[in-house]
Amino acid sequence: MLNNFTLEKIDINAPIPEEETKRQFYFMAKAKKHVEALAEKLGHVPTCCVTTFGCQMNARDSEKLVGILENVGYEIIDSEKADFVIFNTCTVRDNANQRVYGRLGELNGYKRRNPHMKIALCGCMMQEPAVIEKIKKSYGFVDLIFGTHNIFKFAELLCASFETEGMLIDIWKDTDKIVEDLPVERKYSFKSGINIMFGCNNFCSYCIVPYVRGRERSREPKDIIREIETLVADGVVEIMLLGQNVNSYGKNLEEPVTFAQLLREVEKIEGLQRIRFMTSHPKDLSDELIQVMKESKKICRHLHLPLQSGSTEILTRMNRRYTKEQYVDLAMKIRREIPDIAITTDIIVGFPGETSEDLEETIDVVKTVKFDNAFTFIYSKRTGTPAAAMENQVPEEQVKEGFDRLLKVVQETAREQVAKYQGKVMDALIEEVNDSDNTKVTGRLSNNTVVHVPGDASMIGKIVPVSLDECHGFYYIGHVVE
Ligand code: 5AD
Ligand code: SF4
């Protein structure tokens, strides 16, 4: 990978390179000059804040933005009172959108006091034409807008925005491009997400993701392995393989590869200690994958397996392509094969036409599978999805009541599951010093349960055996066993 040193050597008066990675490094070199000029004007190194909404995919995209921003000379800070603020947005549910509009209002106030301030918006929400119209009409102070498909062009867009007056918008409808080897600045030194695929082909009827993240594209295994090897050489011990549906990884490659085969290759990487992945669609989870997980020394004992609903009728209308029975059979097979695994899930309450009988079916699955944790969401109508046009949208009162009923059961099973490990000694990867008590550090077990133990910052990034002494609902207080 090119680095900061070589950026200095790029001749910005030479013709713009054609190859995409080289092209973006060229624009980084150019953006660096713009940032230097800005620093002179401001009398300080320009500051930048990247705020991330949404999922791990977005978090990883933000690390890519920060990688470029640091290389071109910005100082990254946490405060939005910065010279450059970027919102990397999510649109999976409407409340994510509303939060962005609220926060934009605040930014307008900061910008009035700092006329050199630049504001950029990117991410999933920007792929919706209605959002762009609204921003153009009501948030004219935004400087730069780009989407999910052209995020690799950030350096080029940044340059263009330095060279243009007013709002610059560049949104692509789709792409088949995967640009490798651009800089990334990781949030954690010892763990990292890695995109193995982009986009989604499933078209669940409630979900906007296929419309904003485009069609499924897998990275070549050799590029993934090379990236992981570089990360491990740089101190990473845990990786999270990211994709909207990792179980269909590799199907569209010239030489098709299964996700299980990819995992076998990743397992061989020396120095790598833990492998996680997200998200698995139940319809595509193979016996081969269960076997690989079972035999693996590195794949964590955690599977996130979104259920969405326990009613076969609702599942059919959600276009999930499995029945209640198929889901339960799969989950129970996984529990049988890998007894110490934690299974977590996502559930939506209030999908159009959902009755209280349907919800009872969902509750029944929760009780049978005994999820170790479940994220429960109230259905949010997303314009352009098939479900938005369905009749029988469920009245708010009924949704709230159902949501509370489900949440109680989910919490009961999750508590029961977490408490099973009381008194055991298990390995934890120490991730950070506790926010509220700096004599403690927080670690994560292979099964994703959090444990707080006495310790200090020197332990961060290490995997240590801990005794799980007291269960506090969803987490443990414990101590390191020497
Ligand atoms: N309304 C509510 N929840 C949704 N999800 C996706 N789309 C919607 C929607 N329209 C949830 C699903 C998914 C998780 C990431 O977000 O449960 O698994
Ligand atoms: Fe992630 Fe989906 Fe939100 Fe995009 S819309 S950030 S893919 S959760």
Side-chain angles (χ1 to χ4, degrees), residues 52-61 88-99 123-125 127-128 130-131 148 193 197-213 240 242-248 276-285 302-311 314-315 317-322 324 327 330-331 343-354 358-359 362-363 365-366 369 371-390 392-396 398-400 402-403 406-407 410:
T52 311
F53 299 81
C55 65
Q56 271 101 343
M57 292 270 190
N58 259 24
R60 184 65 178 160
D61 282 347
N88 188 7
T89 64
C90 169
T91 187
V92 76
R93 288 171 290 275
D94 189 53
N95 53 8
N97 295 42
Q98 295 315 321
R99 283 218 319 275
C124 296
M125 197 175 146
Q127 292 296 139
E128 290 184 89
V131 168
T148 54
M197 59 200 298
F198 303 92
C200 180
N201 285 355
N202 288 318
F203 290 96
C204 301
S205 64
Y206 51 82
C207 187
I208 200 158
V209 171
Y211 306 90
V212 297
R213 288 256 171 196
M240 162 94 78
L242 298 172
Q244 296 297 346
N245 176 14
V246 291
N247 295 328
S248 68
R276 297 185 185 276
F277 54 83
M278 186 162 268
T279 291
S280 277
H281 194 305
K283 79 174 165 60
D284 297 313
L285 198 144
H302 174 215
L303 185 69
H304 187 65
L305 194 65
L307 167 67
Q308 312 301 5
S309 169
S311 150
I314 296 291
L315 286 169
R317 284 199 292 116
M318 285 178 162
N319 193 29
R320 291 291 288 174
R321 286 172 276 174
Y322 52 84
K324 174 187 182 186
Y327 184 97
L330 175 65
I343 303 180
T344 59
T345 203
D346 292 339
I347 299 170
I348 297 175
V349 180
F351 184 82
E354 187 182 61
D358 290 318
L359 192 73
T362 304
I363 289 176
V365 177
V366 174
V369 176
F371 290 111
D372 296 74
N373 197 2
F375 300 94
T376 47
F377 304 109
I378 288 179
Y379 168 73
S380 171
K381 187 172 167 176
R382 309 312 290 131
T383 309
T385 62
M390 286 180 189
N392 307 324
Q393 302 281 332
V394 184
E396 210 180 307
Q398 188 187 328
V399 178
K400 272 266 353 107
F403 184 85
L406 174 67
L407 194 63
V410 157

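In listed order, ligands and their atoms are each counted from 1.
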Inset, instruction - Please work out whether any backbone atom (N, CA, C, O) or any side-chain heavy atom from C-beta onward of F377 is under 4.0 Å from ligand 1, and answer side chain, backbone, both or neither. - result: side chain
Inset, instruction - Without swapping roles, check the side chain of R93 against the backbone of I378 for a donor-acceptor pair under 3.5 Å. - result: no
Inset, instruction - From the options R93, Q244, Q308, K381, select the one whose nearest heavy atom is closest to atom 17 (O) of ligand 1. - result: Q308
Legend entry - Per atom 10 (N) of ligand 1, closest listed option by heavy atom (S380, C207, A388): S380
Inset, instruction - Could you list which atoms of ligand 1 come closer than 4.0 Å to a heavy atom of Y379? - result: 1 (N), 2 (C)
Inset, instruction - Looking only at distances, please establish whether an N/O atom of ligand 1 is found under 3.5 Å from an N/O atom of R382. - result: no
Legend entry - Whether Y327 and Y322 hold their rings parallel, tilted or perpendicular, with breakpoints at 30° and 60°: tilted
Legend entry - Atoms in ligand 1 flagged as close to I348, the criterion being non-hydrogen separation under 4.0 Å: 3 (N), 4 (C), 5 (N), 12 (C), 17 (O)
Legend entry - Partner set under ring pair (Phe, Tyr, Trp, His ring centres under 6.0 Å) for F203, not counting sequence neighbours: Y211
Inset, instruction - Compare all side-chain heavy atoms of F277 with those of L303 and state whether any distance is below 4.5 angstrom. - result: yes
Legend entry - Salt-bridge present (D61, R213; N to O < 4.0 Å): yes
Legend entry - With sequence neighbours excluded, residues passing salt bridge (charged side-chain N to carboxylate O under 4.0 Å, His left out) with K400: D404
Inset, instruction - For ligand 1, indicate whether the residue V92 contacts it via side chain, backbone, both or neither (heavy-atom separation under 4.0 Å). - result: both
Inset, instruction - Check whether any heavy atom of I378 sits under 4.0 Å from an atom of ligand 1. - result: yes
